Amino acid sequence: MKTFKLKIVTPKGIYKETDIEMLNLRTTSGQIGILANHLPLASAIDISEMNYIQNGERYIFALSGGFVYVNEEETTIIANAIESPEEIDLRRAQEAKQRAEGRLKTSQSDIDILRAEIALKKALMRIQVKEGL
Amino acid sequence: MASHMQSIKRRIKSVESTKKITKAMQLVATSKLRKTRNQLDELKPYYSKVQETVAEILESNKGMIDNPYLKENENGKTVYIVITSSLGLCGGYNANVLKTMSNEVQDGDLVYMIGTKGASYLAHRHIEYCHDYLDLNNDMDFKDVVRLVNELTAMYRKQEIGKIKIIYTEFVNNLTFTPKVVTLLPVDTAEFENIEVTSKYTIFEPTPNDVLNHLIPMYLQSVIYGYLVESVTSENASRRTSMENATDNAEELIQDLLLKYNQARQTAITNEISEIVAGANAQ
């Protein structure tokens with residue numbers, strides 16, 4: 001299968017730079033799959049699970065939102081945080097989930113609720129990626 | 001004579017203990033500088049990639065996007081994010097930033113102060129400022145930067161503020177750092193001119209406007225974080241240089257004082273001998 005270059009950058013530096021066959025991720029407007037020779041594309045990514053296929057094997061990651069940009073040379077994912085299942089701290093994610101749930105029940109202001117919702121979404125996604133292993 | 005020698009000796013001791021402090025500060029600053037420089041290097045790819053992407057999108061949609069982040073709100077006040085240090089003994093680092101700030105900031109503008117040195121400067125002059133992010137230069141937590149950006153962009157979209165600017169210290173090299181003022185919002189397309197557009201037919205999912213609404217806060221986060229790390233790097237470099245100079249000066253001073261002390265000692269001995277000889281001769 002034809003491969004293309006994927007580059008994942010985070011504030012902590014380049015997370016990964018590798019050649020892959022297929023990239024699956026969920027943008028704000030829905031799930032998309034990217035193969036080699038894709039048309040240039042720019043889109044925001046939801047807080048979601050992301051995976052790519054390399055040499056026939058699927059690698060899964062937890063992505064805390066970000067941005068994808070495809071052009072002729074390479075596909076770039078700009079993420080605030082990304083983790084492979086091995087890197088996820090399950091206990092921390094579960095604690096974050098409980099904290100967010102607690103906050104959702106007690107919070108009054110819209111901003112607090114919105115923040116708690118985002119935190120809950122991230123925690124749930126991490127748990128899902130970790131347990132899907 | 002003896003009291004003169006005593007006072008020189010006391011001064012040598014005090015200079016020596018000062019030298020110990022400056023020497024220790026120098027070593028600490030050197031190791032911190034190495035750490036923040038690495039961080040700065042790691043950040044570069046992220047930061048330049050985000051900027052590149054924003055530039056490409058803006059360039060390929062020139063004049064077609066009616067986005068709130070690209071327009072200046074004329075009635076609102078300007079928000080300044082000012083990065084200073086929390087520790088002293090770093091040469092002219094804070095003074096330079098604060099001088100730039102007092103030249104730039106007008107009455108009624110809002111200041112978001114990072115670093116306690118700048119905060120005490122403003123408090124002393126009874127100027128109001130936002131102190132929610134004072135410790136950002138110590139912990140350098142990306143989450144706090146995200147929080148700051150969310151707060152500012154919400155204010156910007158509600159048209160409460162007209163412009164967002166940042167005052168930081170550019171790190172040129174280990175010896176040169178210059179305070180700089182940069183406009184963050186509205187996004188200044190003129191800044192990106194050197195970046196060329198690789199593709200004119202990009203698909204924007206769902207629309208260019210939505211993509212920009214998402215990307216610009218990310219852009220701000222990365223830029224502010226980048227400037228923060230750069231300023232802290234400058235701070236450590238500045239501290240290292242000034243502490244190095246202080247240690248050298250202390251060394252020189254000790255040499256001078258030691259010479260004086262030995263001279264005084266010699267004079268005292270000579271005096272004593274000549275007194276004894278004179279006494280012996282008189283008998």
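What you see is a predicted model, and the numbers here were worked out from it, not measured in a lab. Just so it is clear: chains get the letters A, B, ... in the order the sequence lines come, proteins before strands, and each one is counted from 1. All values below come from the heavy atoms of this structure, side chains included, with hydrogens, waters and symmetry mates left out.
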Seminar exercise, completed: Output for pair (A:Ile118 CD1, B:Asn150 CG), nearest 0.5 Å, gives 7.5 Å

Problem set entry | Test applied, side chain to side chain contact (heavy atoms under 4.5 Å, CB included); reference residue, A:Phe67; option that passes from B:Val50, B:Val54, B:Leu215 | B:Leu215

Exercise. Which atom pair, heavy atoms only, marks the closest approach of B:Glu42 to A:Lys12?
Worked result: OE1-O, 3.5 Å

Problem set entry | Within residues 88-104 of chain A or reaching into it, pairs that qualify as side chain to side chain donor-acceptor pair (under 3.5 Å) - sequence neighbours excluded | none

For this session: Tell me, for A:Thr10 versus chain B, whether the close heavy atoms (under 4.5 Å) come from the side chain, the backbone, both or neither.
Result: backbone

Exercise. What residues of residues 27-36 of chain A sit under 4.5 Å from chain B when only non-hydrogen atoms are counted?
Worked result: A:Thr27, A:Thr28, A:Ser29

Exercise. With only heavy atoms counted, which part of B:Phe204 is less than 4.5 Å from chain A, the side chain, the backbone, both or neither?
Worked result: both

Problem set entry | Toward chain B: residues of residues 42-58 of chain A with heavy atoms under 4.5 Å | A:Ala42, A:Ser43, A:Ala44

Problem set entry | Counterpart residues, side-chain contact (heavy atoms from CB on, under 4.5 Å), relative to A:Lys5 (two or more places apart) | A:Glu17, A:Asp19, A:Glu74

Seminar exercise, completed: Only one of A:Val9, A:Ile8, A:Ile14 passes side chain to side chain contact (heavy atoms under 4.5 Å, CB included) with B:Tyr46, and that residue is A:Val9

Seminar exercise, completed: d(A:Asn80 CG, B:Lys143 NZ) to nearest 0.5 Å is 11.0 Å

Problem set entry | Part of B:Gln39 within contact of chain A (heavy atom distance under 4.5 Å) | neither

Exercise. For A:Ala81, is it the side chain, the backbone, both, or neither that has a heavy atom closer than 4.5 Å to a heavy atom of chain B?
Worked result: neither

